[in-house]
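One is the number of the first residue; the rest follow in order along the sequence.
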Amino acid sequence: MSRYPLPDLNALPDDIRARILEVQEKAGFIPNVFLAFARRPAEWRAFFAYHDALMLKEEGSLTQGEREMIITATSAANQCLYCVVAHGALLRIYEKKPLVADQVAVNWRKADITPRQRAMLAFAMKVCEQAHEIDDSDFAPLHAQGFDDEDIWDIAAITAFFGLSNRMASFADMQPNPEFFLLGRVPREKKKQP
């Protein structure tokens, strides 16, 4: 799963263990990233605090699907297997389109997405690959699609944050959980009511 051994869930600090168990309850499994980063509790807390600030915020016009689309496209550019597979699964679920993650990961320019999303990804890819070249002219196409300056900050921040995540996952040889490959492609089994 990783170049570094995973910590024992029962040996983790209470707050981290509780969050991981909450994720397991919701997803039905523990995504490998939660345990891989838990080997360093202070970094785990900082990582997931920033993750939550970016991904769970209610302000702005970015949908959950669009956030996952940014991650999937830029993770593909960064060649991060873990993030493409894991966030591609979330993208399929949020967009309710079983093919969209593969399209975005392989060639977002030809994906079945809206002009708004295409402008968003064009900017995210420039932040990913050429952030030093961003200038005021890069904002106009986004404004034309209804993004405000705070949305544009979010696009850049998500791209940058997951650039860190991509590099950590790749260097550590973090592998995606097998469960991610079918999420959003195969209907999830409904839990039986008692």
Common cluster, Leu164/Val33, ILVMFWY with side-chain heavy-atom separation under 4.5 Å: yes

Any Glu133 side-chain heavy atom under 4.5 Å of Lys126 side chain: yes

Over all atoms of both residues, closest heavy-atom pair of Leu91 and Gly65: CD1-O, 3.4 Å

Is there a path of hydrophobic side-chain contacts, each under 4.5 Å between heavy atoms of I/L/V/M/F/W/Y residues, joining Phe181 to Ile93? yes

Answer with yes or no after comparing the ring centroid distance for Phe147 and Phe123 against a 6.0 Å cut-off, counting only values under it. no

Check: Ala111 main-chain N/O paired with Arg118 side-chain donor or acceptor under 3.5 Å: yes

Could you tell me whether Asp135 atom CG has more than 12 heavy atoms of other residues or ligands within 6.0 Å of it? yes

Arg39 side chain to Leu6 backbone, donor-acceptor under 3.5 Å: no

Give a yes or no on whether Leu121 and Trp153 share a hydrophobic cluster (residues Ile, Leu, Val, Met, Phe, Trp, Tyr; joining criterion: side-chain heavy atoms under 4.5 Å apart). no

Glu95 side chain near Thr63 side chain, heavy-atom distance below 4.5 Å: yes

In the single-linkage hydrophobic clustering (I, L, V, M, F, W, Y; side-chain heavy atoms under 4.5 Å), do Phe29 and Leu35 co-cluster? yes

Show the nearest heavy-atom pair for residues Leu142 and Ala119, with the distance to one decimal. CD2-O, 3.5 Å

Hey, what do you get for CE (Met174) to OH (Tyr82), rounding to the nearest 0.5 Å? 6.5 Å

For the CE atom of Met125 and the CH2 atom of Trp108, what is their distance to the nearest 0.5 Å? 7.0 Å

So, Arg167 side chain and Cys80 main chain: donor-acceptor pair closer than 3.5 Å or not? no

Mind listing the side-chain donor-acceptor pairs of residues 47-57 below 3.5 Å, one per line with the distance, residues two or more places apart or on another chain?
unit_1: Asp52; atom_1: OD1; unit_2: Arg19; atom_2: NH2; d: 3.1
unit_1: Asp52; atom_1: OD2; unit_2: Arg19; atom_2: NH1; d: 2.9
unit_1: Asp52; atom_1: OD2; unit_2: Arg19; atom_2: NH2; d: 3.3
unit_1: Lys57; atom_1: NZ; unit_2: Asp154; atom_2: OD1; d: 3.1
unit_1: Lys57; atom_1: NZ; unit_2: Asp154; atom_2: OD2; d: 3.1

Going from CD1 on Ile30 to CG on Leu21, what distance comes out if it is rounded to the nearest 0.5 angstrom? 6.5 Å

Any donor-acceptor pair under 3.5 Å linking the side chain of Asn177 with the backbone of Asn32? yes

Determine yes or no for a side-chain-to-main-chain donor-acceptor pair under 3.5 angstrom, with Asp151 supplying the side chain and Asp148 the backbone. yes

Is there side-chain contact between Lys110 and Gln103, with at least one heavy-atom pair below 4.5 Å? no

What I'd like to find out is whether the side chain of Asn78 reaches to under 4.5 Å of the side chain of Ser170, using heavy atoms alone. no

Using every non-hydrogen atom in the two residues, find where Ala76 and Val84 come nearest and quote the distance to one decimal. N-CG2, 3.4 Å

Could you tell me whether the side chain of Phe180 reaches within less than 4.5 Å of the side chain of Pro31, counting heavy atoms only? yes

Counting C-beta onward and ignoring hydrogens, is there a side-chain heavy-atom pair between Gln117 and Ile70 closer than 4.5 Å? no

Can Asp149 and His143 be said to form a side chain to side chain contact (heavy atoms under 4.5 Å, CB included), step by step? CA-CA 8 Å; Asp149 287 344; His143 290 150; 2.7 Å; yes

Can you measure from OG1 (Thr159) to CD1 (Ile71) and round to the nearest 0.5 angstrom? 8.5 Å

Rounded to the nearest 0.5 Å, the OG1 atom of Thr72 sits from the CG atom of Leu90 at a distance of 8.0 Å

Euclidean distance, Asp138 CG relative to Ile152 CD1, rounded to 0.5 Å: 9.5 Å

Using side-chain heavy atoms (C-beta onward) and a distance below 4.5 Å, is Phe34 in contact with Trp44? yes

Please find the pair of heavy atoms, one from Gly146 and one from Ser61, that lie closest to each other, and give the distance. O-OG, 4.5 Å

Step-by-step side chain to side chain contact (heavy atoms under 4.5 Å, CB included) determination, Met168 to Phe171: CA-CA 5 Å; Met168 292 301 293; Phe171 118 86; 3.7 Å; yes

Is it true that a side-chain atom of Tyr4 and a backbone atom of Ala172 form a donor plus acceptor pair closer than 3.5 Å? no

Partners meeting salt bridge (Lys or Arg N to Asp or Glu O under 4.0 Å) with Glu66 (sequence neighbours left out): Arg116

Is it possible for you to say whether Leu182 and Tyr94 belong to one hydrophobic cluster, with membership spreading through side-chain heavy-atom contacts below 4.5 Å? no

Determine, stepwise, if the pair Ile155 / Val127 fulfils side chain to side chain contact (heavy atoms under 4.5 Å, CB included). CA-CA 9 Å; Ile155 295 166; Val127 170; 5.8 Å; no

Determine, using ring centers only, whether His87 and Phe162 are less than 6.0 Å apart. yes

Is Asp8 salt-bridged to Arg17, going by a charged N under 4.0 Å from an acidic O? no

Backbone N or O of Leu183 within a donor-acceptor pair of the Arg92 side chain at under 3.5 Å? yes

Taking all non-hydrogen atoms of both residues into account, name the closest pair between Ile16 and Ala38 and its distance. CG2-CB, 4.1 Å

With sequence neighbours left out, write down each residue that passes salt bridge (Lys or Arg N to Asp or Glu O under 4.0 Å) with Asp112, or none if nothing qualifies. none

Glu150, CD: over 12 other non-hydrogen atoms inside 6.0 angstrom: no

